[in-house]
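All values below come from the heavy atoms of this structure, side chains included, with hydrogens, waters and symmetry mates left out.
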Amino acid sequence: MRAAIYTFLLAGILSAALAAPGADTRAQQQQQPSPRATPAPADAAADDTERVTIRLVRLPITVVDKKGQPVAGLAPSDFQILEDQRPQQFEMITKVEELERLPVFVALLMDTSSSTAGKMKFMKEAASNFMHTVSRVRKDRVAFATFDDEVNLLQDFTSDFSQVDEAIRKVKAPGQHTSLYDAVWMICNEKMRNLGPARRAMVVITDGDDTYSRATLKDAIDIAQRTETVIFAISTKGGFAGSSVPGVEAGTVHDRGDKNLEKLCEETGGRAFFTGDMLALERSFSRIAKELRAQYIATYRPTNDRYDGSFRRIEVKLNGDRDGLRVRAKRGYLAKNDTVR
């Protein structure tokens with residue numbers, strides 16, 4: 001295992017999994033926790049964590065026009081927010097100057113499975129270019145992780161982008177498998193949860209389907225929704241000679257893995273981009289940067305205040321005649337108690 005590995009071991013879940021009769025060989029080799037539960041601290045008296053019920057929903061919202069360009073300047077009165085078809089009373093930050101004061105925490109996740117071996121240089125350049133295009137120096141924070149057989153946090157959140165560049169340069173031999181959903185779950189759960197009043201974005205650079213995660217697509221969407229993380233994906237599957245999916249052209253969605261990547265992004269309020277061309281990729285980065293800068297932030301207390309684990313469907317609408325405008329926001333959340341600091 002590489003020295004730089006950030007270990008996401010949750011001792012209680014791991015020991016239970018290894019002790020269980022019939023635990024599969026792969027789980028023992030991975031030694032990764034189940035992403036479906038977070039155990040209580042082993043020593044509650046020594047932990048400052050206080051268990052409370054979160055009763056506010058915080059909702060990043062993006063509005064785009066027919067050309068896909070973000071639309072700024074709308075007022076709270078232009079919006080409706082419904083939860084399970086019930087109108088919600090909300091507060092909203094719409095002024096650019098107020099939004100600019102909120103830092104953006106960006107987690108960069110890069111696929112280092114075996115299928116990326118011939119694309120590593122391209123993906124490194126893409127990760128670095130994204131950071132320098134989207135993130136504001138001295139204001140935003142960037143973290144960098146890789147995923148293959150394992151999830152490796154190579155650089156925690158920092159405003160020193162040179163440290164992130166160095167971590168990206170040091171990525172070498174890839175692993176065999178693709179643990180995309182585990183990576184999303186672990187970074188959201190461990191790094192995005194307690195950031196306070198900040199905007200959260202995750203960018204996944206990958207060329208393939210998930211082949212090795214213990215988490216499911218549903219798990220990944222759930223944790224991203226609950227931690228207010230908007231996910232963008234850059235699929236590099238198309239546009240390369242020897243693509244793992246022959247005949248895929250840049251800009252197209254082809255197979256089940258591509259559709260799952262789209263679903264992961266759309267359910268959290270983000271977008272997936274399919275390209276293997278650096279110029280097209282840089283245009284995608286610029287669009288993501290504009291979207292993050294033009295986000296609206298709404299906050300509301302749900303009319304249904306029971307946290308019973310049920311799924312709550314969110315719908316954001318625009319009032320009046322808004323022909324051609326589309327709204328993107330997370331599509332719901334599981335009503336669970338969460339642990340906050």
Side-chain angles (χ1 to χ4, degrees), residues 4 62 64 68-70 100 103-113 115-148 152-172 174 178 180 183-184 187 191 199-208 229-241 243 248-252 258 261-262 264-265 270-295:
T62 300
V64 295
Q69 296 299 313
E100 283 292 316
V104 181
F105 284 76
V106 180
L108 281 172
L109 274 60
M110 192 171 82
D111 183 351
T112 50
S113 60
S115 63
T116 67
K119 306 176 184 180
M120 193 64 69
K121 182 176 183 295
F122 175 86
M123 297 178 82
K124 286 183 178 183
E125 290 178 0
S128 182
N129 288 348
F130 180 89
M131 174 180 65
H132 290 289
T133 301
V134 173
S135 303
R136 300 166 298 177
V137 177
R138 293 185 296 277
K139 282 190 175 183
D140 298 334
R141 305 290 185 271
V142 179
F144 175 65
T146 60
F147 60 93
D148 42 50
N152 302 327
L153 180 67
L154 302 182
Q155 175 58 55
D156 206 342
F157 281 117
T158 179
S159 59
D160 184 351
F161 296 167
S162 66
Q163 293 185 25
V164 183
D165 277 327
E166 181 64 19
I168 292 171
R169 281 195 296 270
K170 288 181 177 179
V171 175
K172 294 181 180 178
T178 306
L180 168 59
V184 171
I187 297 298
K191 308 308 301 182
R199 289 176 287 177
R200 300 156 171 83
M202 176 179 288
V203 179
V204 180
I205 304 174
T206 182
D207 76 335
T229 304
V230 179
I231 299 179
F232 297 91
I234 306 295
S235 173
T236 59
K237 182 181 294 179
F240 286 93
S243 170
V248 174
E249 297 179 359
T252 64
D258 293 339
L261 204 59
E262 277 203 325
L264 176 65
C265 296
R271 293 185 62 192
F273 298 86
F274 297 86
T275 182
D277 175 77
M278 184 56 77
L279 290 177
L281 203 58
E282 289 176 353
R283 288 194 293 270
S284 300
F285 294 163
S286 297
R287 292 176 71 174
I288 294 173
K290 289 179 181 178
E291 288 190 16
L292 289 175
R293 302 291 164 252
Q295 270 184 346

Exceeds 12 heavy-atom contacts within 6.0 angstrom, atom NZ of K124: yes
If you define the side chain from C-beta out and look only at heavy atoms, does anything of V204 sit under 4.5 Å from I234? no
Passes side-chain hydrogen bond (donor to acceptor under 3.5 Å, both in side chains), D165 versus S128? Steps please. CA-CA 6 Å; D165 277 327; S128 182; 2.6 Å; yes
Residues S135 and D140: side-chain donor-acceptor under 3.5 angstrom: no
Within the 3.5 Å criterion, strictly below it, is a donor on S162 or D160 matched to an acceptor on the partner's side chain? yes
Kindly say whether V106 contributes a backbone atom to a donor-acceptor pair with the side chain of R199 at under 3.5 angstrom? no
Is it the case that the side chain of R136 and the backbone of E100 share a donor-acceptor pair, with hydrogens and angles ignored and the cut-off at 3.5 Å? yes
Evaluate salt bridge (charged side-chain N to carboxylate O under 4.0 Å, His left out) for D148 paired with K172, printing each intermediate quantity in order. CA-CA 12 Å; D148 42 50; K172 294 181 180 178; over 6 Å; no
For R138, enumerate each residue passing the side-chain contact (heavy atoms from CB on, under 4.5 Å) test, keeping only those at least two apart in sequence or located in another chain. none
Pick out which of F144, F232, F285, F273 makes a ring-ring contact (aromatic ring centres under 6.0 Å, His included) with F130. F285
Any chance you could lay out the salt bridge (charged side-chain N to carboxylate O under 4.0 Å, His left out) test for K121 and E125, step after step, and finish with the verdict? CA-CA 6 Å; K121 182 176 183 295; E125 290 178 0; 2.7 Å; yes
Using 4.0 Å as the upper bound for N to carboxylate O, is an ion pair formed by R271 and E262? no
